[in-house]
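Data first, discussion second: the structure below is written as C-alpha cells.
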Amino acid sequence: MEKITIKAHPNIALVKYWGKKDEQLKIPFNNSISLTLDNIYTLTSVEIIENSEDKIIFSNRDITQKEKNRVINFLDIFRKITNKNNLKFSIITENNFPTASGLASSASGFCALGIALNELLKLKLDKKEISKLIRLGSGSACRSVYGGFVEWEKGVFTDGSDSYSIQIADENYWDVRMLITIIDDKEKIKSSTNAMKETVLTSPFYQSWLNTIEKDLNEVRSGILEKDFEKVGKTIEHNCLKMHSTMFTSFPSTIFWQPETISIIKTVSLMRDDGLHCYFTIDAGANVKILCLPNEIQKIKLYLNQLSGIKNIIECKIGKSPEVLL
Ligand code: PMV
C-alpha cells in the first residue's frame, strides 16, 4: 500500500484571527496574516488500511478521545468528497515541538494531514481548494499551506467557499526571525475554540477589536511588502494586546499569560529602548514569540538569558510550504 509522508510547518499570526462567524465551517470574523516558521514542524504519514476503524497515533504522546474525534471528523470530509465511506486510514504523526501550548501544533498537524490526503487520494486539489478543506480541521491551519507571509481571507460567502489563504511574500523575500520562548510546555488551560467562543459572546471589547482589524491588516501587509520592520513590529504588538484584552474581558475571562509572559514583554520593551529591533506576539498560551532581525539574535538572547523561567528558546527563520517526503 502506498504511504505518503508530509512535513508541514506551524505558522504564527502577526495579525490574529480571533472569533468564528460560523463554528462548523470555521469561517472567521476577520482576516489574519501569519508567518510560517522553519525549524519546527509536524511529520505526518498516512496510508489506507484494511480495517474497521482508523488508526491514529501521535508518536510523542497519547492521543485523547477528543483529539481522535477531531481527526476522524476531518477524515470524514475526505471520505465524503471521494464517495468512499468505508475507506480507513492509518495516521502516524509527530511534532518536534511541544503541542497544545499556543505553538500552533494544530496548524501544522491539520495542514500536514490535509496535504497528505490530497496526495494519497490523488485529489489534485490546488492550494486554494486544499486550504479551504484544511480550514475545516483547524482554522489557522489553512495558512500553513504556504511558506513565507500568508493572509487568510475571511471571505463573504456563508458556505465558506471564499475563505482561504493566499501568499503575500515567500520565505526568501525578507529575512526576519522569530524567537519562541518556551516558559510553559504543558497543555493550555483552555482550547482556543472555547476561549474564542466566550470572547465573541461576552466581551464588551469584541466589536472594537473587529473595528481596528482592517487598519492592522493594511499596516502589516504594506509593512511586509516595504520591508518596514518597525511598521510591522509596532502593529503586531498592538494587535496581540488587543486580542488578549478581549479575552481578559470575556466572561469567564481567559488569561493565558504567566508571570514570565509579562517579564518577557517588559524585556522586549527594554531591549528596544537599548536600540534593538524586536517586537513580541503571544497566541492562546503563555509563550512569547519575538520578531527580530538576524544580526541581533545573539544580543537578544543575552537579555533573555538573564530572566528566570524560560525553559528553552527556539530560533526560527521563515519556513517554506509543506513538502512531500520520499
Ligand atoms: O485555529 P486555532 O483554533 O488554533 O486558533 C488560533 C488562534 C490564535 O493562534 C490565537 C490566532 C491565530 O490567528 O493563529
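All ligand and atom numbering here is 1-based and tracks the order in the structure. FYI, side chains are in, hydrogens and waters are out, and symmetry mates aren't considered; it's all heavy atoms of this structure.
In terms of polar-atom proximity, defined here as any N/O pair under 3.5 Å, Ser140 does make such a contact with ligand 1. For ligand 1, the polar-atom distance check against Tyr17 finds a nitrogen or oxygen pair separated by under 3.5 Å. The shortest N or O to N or O distance between Asp283 and ligand 1 is under 3.5 Å. Considering backbone and side-chain atoms alike, Arg143 places an N or O below 3.5 Å from some N or O of ligand 1. Backbone and side-chain nitrogen or oxygen atoms of Thr193 are examined, and none is located within less than 3.5 angstrom of a nitrogen or oxygen of ligand 1.
Close approach of ligand 1 to Trp18 is summarised as follows: ligand atoms under 4.0 Å from at least one heavy atom of the residue are 7 (C), 10 (C). Within ligand 1, counting atoms from 1 as listed, the ones closer than 4.0 Å to a heavy atom of Ser106 are 4 (O). Taking a cut-off of under 4.0 Å to the non-hydrogen atoms of Ser138, the atoms of ligand 1 that pass are 1 (O). Distances below 4.0 Å separate heavy atoms of Ala13 from the following atoms of ligand 1: 12 (C), 13 (O), 14 (O). Of all the atoms in ligand 1, the ones that sit under 4.0 Å from a non-hydrogen atom of Ala284 are 10 (C).
Not a single heavy atom of Lys26 lies less than 4.0 angstrom from ligand 1. The closest approach between a heavy atom of Trp152 and any atom of ligand 1 is not below 4.0 Å.
Ser163 and Lys132 are not linked by any side-chain donor-acceptor pair at a separation below 3.5 angstrom, with hydrogens and angles left out of the test. Side-chain polar atoms of Lys242 and Thr212 form a donor-acceptor pair below 3.5 angstrom.
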Extract all donor-acceptor atom pairs below 3.5 Å that involve side chains of residues 74-83 and protein atoms in other chains or at least two apart in sequence.
| residue | atom | partner | partner atom | Å |
| --- | --- | --- | --- | --- |
| Asp76 | OD1 | Arg79 | NE | 3.1 |
| Asp76 | OD1 | Arg79 | NH2 | 3.0 |
| Arg79 | NH1 | Asp54 | OD1 | 3.0 |
| Arg79 | NH1 | Asp54 | OD2 | 3.3 |
| Arg79 | NH1 | Leu87 | O | 2.8 |
| Arg79 | NH2 | Asp54 | OD2 | 2.8 |
| Thr82 | OG1 | Phe78 | O | 2.7 |
| Thr82 | OG1 | Arg79 | O | 3.2 |

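With salt bridges taken as basic N to acidic carboxylate O contacts below 4.0 Å, none links Asp274 and Arg272.
Considering CG of Leu113 and CD1 of Ile56, their distance stands at 8.5 Å, rounded to 0.5 Å.
Nearest heavy atoms, Ile27 versus Phe157: CD1-O, 4.0 Å.
Both cation-pi conditions hold for Lys227 and Tyr173: the charged atom is under 6.0 angstrom from the six-membered ring centre and inside a 45 degree cone around its axis.
Residue pairs meeting the salt bridge (Lys or Arg N to Asp or Glu O under 4.0 Å) criterion with at least one partner in residues 147-174, sequence neighbours excluded, are Glu151-Arg221.
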